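Down below is the structure, laid out as structure tokens.
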Number of protein chains: 2
Amino acid sequence: MFRALVLEDQTLMRLALMNEVQASVGKCVVLGAETLNIATVELQNDHFDLVVIDPGLPGFDPTSQNDRIAVVDRIIEASPGAIHVVVTGSDNPCEADGFRRIGAAAYVGKTGLAPGVFSNVLDDISNKGFSLRLSRAVMTKPDYRFSALTPREQEAIDMMARRAPGVKRTAIFSLMADRLAIAPGSAEKYYKQARAKLMRQGHRLPRGL
Amino acid sequence: MFRALVLEDQTLMRLALMNEVQASVGKCVVLGAETLNIATVELQNDHFDLVVIDPGLPGFDPTSQNDRIAVVDRIIEASPGAIHVVVTGSDNPCEADGFRRIGAAAYVGKTGLAPGVFSNVLDDISNKGFSLRLSRAVMTKPDYRFSALTPREQEAIDMMARRAPGVKRTAIFSLMADRLAIAPGSAEKYYKQARAKLMRQGHRLPRGL
DNA sequence: CAAACTAGGGATGGGAGCATCCCTAGTTTT
DNA sequence: AAAACTAGGGATGCTCCCATCCCTAGTTTG
């Protein structure tokens, strides 16, 4: 059984990262630790295949490069057999190199870390040995979340709202079909159903319908 | 229709916060913005009832108190009719007071912000006018996440694993029944089913079964 | 004009998870 | 000894979501 550990103090982020790991790996156990102490205890008692680390922990100086390195270094030494992914909110190329030197397999900025990206990070590690994903703000429109929609319907609205200008709706339906592994007709159905729901409830729709 | 906006640059955290808002409010629309610009545009075009803000945005100096105040101030002035909740990773009581003075209704540290807490924050605002939740690390054991379990089963395992020493299992079943609004017998069922699944797969169970 | 894209709607079967109720049997506590 | 806690298991009905297929009809585009 594949075993992973996520060390991150912010609860919602820790749970989200645990979800990402689970979605990427498939059958597995994921442990979440809020503090370095909890993580250290677990690493002593069990073997882990993957460890995700946010070095910005409470009790350490966030501006001190030494503290950040020390946290990751302790984890890597405590789990020599694992793959180590560093995830941070304040990322920069210089620090990435520092972590790489002490044995980390990936350095990921939180801003660009969207659902599904973690899987690509693991692919990078398999293929190239190291994955570097620095943050950059790329959104130009907001995300929309409607409580009345099912997950599938929400996805359909999301993808359509992000459509580049000039792209046909049918092209989006094909893309959705591809990503979700369903028939294009079904994708079309979800989108239309979602749109109809929102209209019925009197919503102002996002630009691009 | 209740309308909310979440301004947060970290994608996973933004999505998690949007979920929390949705779970707390019920029927609503939630927009997520990665940058101050996107948020400003939306606030100009529409009315919002609730705005959640992380002042630690890229392009601003995270150590500059002025920058952090400025971000929140711009948002509050752009949405006078909304309730404003400030969420931050680096929280301190002094800053909380600063935000309160310029009109924020809540100041919440990310470390203590677990699923369900946001709902309590909104309750505080209704009852007392202001909500203050500073971060503090309280976990003593890690979270466990097993991919083979359904959400209900996972919840059952979670609550049992967090059981204080000396507390009877039946007490936990009653507590679960209360929180999930189900019969204690059902709670018991979920726990036993979950435990049996893990045993069958040869897992080492967390302490406390 | 023909073809393709647009916007709706109805019907159907399958599967997963939820919630409940009922059963046996060993161990511990009172 | 009786009562309660422990640990399993089986069966059932319900709801929601997923995925598919089929239908009409207006508008664009080649």
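As a basis for the values below, the full set of heavy atoms in this structure was taken, side chains included, without hydrogen atoms, waters or symmetry mates. A note on names: the letters A, B, ... follow the listed sequences, proteins ahead of strands, and every chain is numbered from 1. Please read these numbers as outputs of a predicted model, since none were measured by experiment.
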Are any protein N/O atoms closer than 3.5 Å to N/O atoms in nucleotides 16-20 of chain C? If there are, list each pair with its distance.
unit_1	atom_1	unit_2	atom_2	d
C/dC18	OP2	B/T150	OG1	3.2
C/dA19	OP1	B/R152	NH2	3.2
C/dA19	OP2	B/R152	NE	2.6
C/dA19	OP2	B/R152	NH2	2.7
C/dA19	N7	B/Y190	OH	3.4
C/dT20	OP2	B/A183	N	2.6
C/dT20	OP2	B/S186	OG	2.9

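- In this structure A/S24 satisfies the side-chain hydrogen bond (donor to acceptor under 3.5 Å, both in side chains) test with no other residue, sequence neighbours excluded.
- Between the CD atom of A/E188 and the P atom of C/dT6 there is a distance of 8 Å, rounded to whole Å.
- If you take CD of A/Q193 and C1' of C/dA11, they are 12 Å apart, rounded to a whole angstrom.
- For A/Y191 and C/dC5, the OH to P distance is 15 Å, given to the nearest whole Å.
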Take A/L113 and A/L17, measure what side chain to side chain contact (heavy atoms under 4.5 Å, CB included) needs, and give me the verdict at the end. CA-CA 10 Å; A/L113 183 53; A/L17 286 172; 3.7 Å; yes
What side-chain donor-acceptor pairs closer than 3.5 Å can you find for residues 172-189 of chain A, not counting sequence neighbours?
unit_1	atom_1	unit_2	atom_2	d
A/S174	OG	A/T170	O	3.1
A/E188	OE2	A/K192	NZ	2.8

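- Of the side-chain N and O atoms in B/R169, one or more sit less than 4.0 angstrom from OP1 or OP2 of D/dA7.
- B/Q22 pairs by the side-chain hydrogen bond (donor to acceptor under 3.5 Å, both in side chains) definition with nothing, not counting sequence neighbours.
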Before you tell me yes or no, could you show the steps for B/V52 and B/L5 under side chain to side chain contact (heavy atoms under 4.5 Å, CB included), namely the whole-Å CA-CA distance, both residues' side-chain angles and the distance that decides it to 0.1 Å? CA-CA 6 Å; B/V52 179; B/L5 185 143; over 6 Å; no
Atom pairs under 3.5 Å, N or O on each side, protein against nucleotides 2-4 of chain D: can you list them with distances?
none

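- Protein atom NZ of A/K192 is 7 Å distant from nucleotide atom C1' of C/dT6, rounded to whole Å.
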With salt bridge (charged side-chain N to carboxylate O under 4.0 Å, His left out) as the test, would you mind laying out the steps for B/D54 and B/R68 before giving the verdict? CA-CA 9 Å; B/D54 177 356; B/R68 291 170 64 85; 5.3 Å; no
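- A cation-pi geometry, defined here as NZ or CZ lying under 6.0 Å from the six-membered ring centre and within 45° of its normal, does not hold between A/R133 and A/Y107.
- Side-chain polar atoms of B/N45 and A/R204 form no donor-acceptor pair below 3.5 angstrom.
- B/R200 has no side-chain polar atom (N or O) that falls below the 4.0 Å cut-off from OP1 or OP2 of D/dG8.
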Check nucleotides 23-29 of chain C for protein N or O atoms closer than 3.5 Å to its own N or O atoms and list the pairs.
none

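- Under the 3.5 Å distance criterion, the side-chain polar atoms of B/E34 are left unmatched by any main-chain donor or acceptor of B/Q10.
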Let's go through A/R169 and A/Y191 carefully: what are the C-alpha distance in whole Å and the side-chain angles of both, what is the deciding distance for side chain to side chain contact (heavy atoms under 4.5 Å, CB included) to 0.1 Å, and is it a yes or a no? CA-CA 10 Å; A/R169 279 171 153 72; A/Y191 168 70; 3.2 Å; yes
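- Residues A/S79 and A/H84 have side chains that bring a donor and an acceptor to within less than 3.5 angstrom of each other.
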